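Worksheet: the structure to be examined is printed underneath.
Letters go in sequence order (proteins before strands), and every chain restarts at 1. In this text the structure is predicted, and so the values were computed from the model without any measurement.
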2 protein chains.
Amino acid sequence: MSPGAANQPKKHVSAREALAANIVALRHERGWSQEALAFECGLHRTFVAHVERLSRNISLDNIERLALALGVQPFELLKPRSD
Amino acid sequence: MSPGAANQPKKHVSAREALAANIVALRHERGWSQEALAFECGLHRTFVAHVERLSRNISLDNIERLALALGVQPFELLKPRSD
DNA sequence: CTGTGACTTTCAGTCCGTC
DNA sequence: GGACGGACTGAAAGTCACA
């Protein structure tokens, strides 16, 4: 069935949605572009863009890299932002 | 300072280690075998075993599935279990 | 600077069997 | 019940062109 992808009718925020929201929010807080974040974590611009748009299922390894670049703990990227 | 890890200059406890520790701990709390957990989250016995032994990089989608099976939030599986 | 589809390579995830 | 190795399939990583 593929829950997620680009669907709206979700009750509890999926892990992908929470991750994307946190990445965008933290990136903007730092005034970084997708390019800048991609450079900081050693990933590519388009890959980061795909993750932010929920178009990709990222793995733990890259979640950790993004967290490191953004200066937060990996679990903080999955936590619904109440910051 | 340095809660949890003793001495790691640039690496905190890796996300994989935290995840594995949480899965094992929560699984034992419920008195489940690897087989039982694998069945509950719709993954395979050997894959769960690999993740617990840090031999495999899991994707967000399956982290969410494990969290659901264990009855916790996805981010709680990545959070170092010291609280 | 960002969104997206398409593409190739790498590896996550399954399934076998053995200790 | 759990650790581990081999082999296979499909999905994630990584990159590009273009909107």
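In DNA chain D, the stems built from three or more successive Watson-Crick or G-U pairs (distances below 3.5 Å) are C:2-19 with D:2-19.
Open room surrounds CZ on F39(B); 12 or fewer heavy atoms of other groups in view lie less than 6.0 Å from it.
For the segment residues 35-45 of chain A, residues with any heavy atom less than 4.0 angstrom from an atom of DNA chain D are, sorted by number, L43(A), H44(A).
Using a 4.0 Å heavy-atom cutoff across all strands shown, T46(B) reaches at least one base atom of the nucleic acid. Residue D61(A) is out of contact with every strand shown, counting any heavy-atom pair closer than 4.0 Å.
If you find the closest nucleotide of DNA chain D to S59(B) and to R53(B), the one lying nearer the 5' end belongs to R53(B).
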Taking N or O atoms only and anything under 3.5 Å, show me the protein contacts with nucleotides 6-10 of chain C, one pair per line.
from, atom 1, to, atom 2, distance (Å)
dA6(C), N6, R56(A), NH2, 3.3

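Here the CD1-CG distance, from I63(A) to L78(A), works out to 5.0 Å after rounding to the nearest 0.5 Å. Atom NZ of K79(B) sits about 9.5 Å away from atom CD of Q73(B), to the nearest 0.5 Å.
In this structure, N62(A) does not reach the dA12(D) phosphate: none of its side-chain N or O atoms is under 4.0 Å from OP1 or OP2. Look at R27(B) and you won't find any side-chain N or O under 4.0 angstrom from OP1 or OP2 of dG1(D).
Of the candidates dC1(C), dG2(D), dG3(C), the closest approach to any side-chain atom of S33(A) belongs to dC1(C). Picking from dG2(D), dA13(D), dT2(C) the nucleotide with the shortest atom distance to the side chain of Q34(B) gives dG2(D).
The backbone N or O of D61(B) sits less than 3.5 Å from a side-chain atom of N57(A), completing a donor-acceptor pair. Although no hydrogens or angles enter the test, the distance criterion places a donor-acceptor pair under 3.5 Å between the side chain of R30(B) and the main chain of L70(B).
Regarding L54(B), its CG atom lies at a distance of 15 Å from the C1' atom of dC4(D), rounded to whole Å. Rounded to an integer number of Å, the gap from CG of L19(B) to C1' of dA12(C) is 14 Å. As rounded to whole Å, 12 Å separates atom P of dA12(D) from atom CD1 of I58(B). R65(B) places its CZ atom 9 Å from the P atom of dG13(C), with the value rounded to the nearest Å. The distance between atom CG of N57(A) and atom P of dA12(D), rounded to the nearest whole Å, is 5 Å. The CZ atom of F47(B) sits 15 Å away from the P atom of dC11(C) (whole-angstrom rounding).
When each of I23(A), L66(A), L77(A) is paired with I58(A), the side-chain contact (heavy atoms from CB on, under 4.5 Å) condition holds for L66(A) and for no other. Across H44(A), E52(A), H50(A), R45(A), a single residue satisfies side-chain contact (heavy atoms from CB on, under 4.5 Å) together with V48(A), and that is E52(A).
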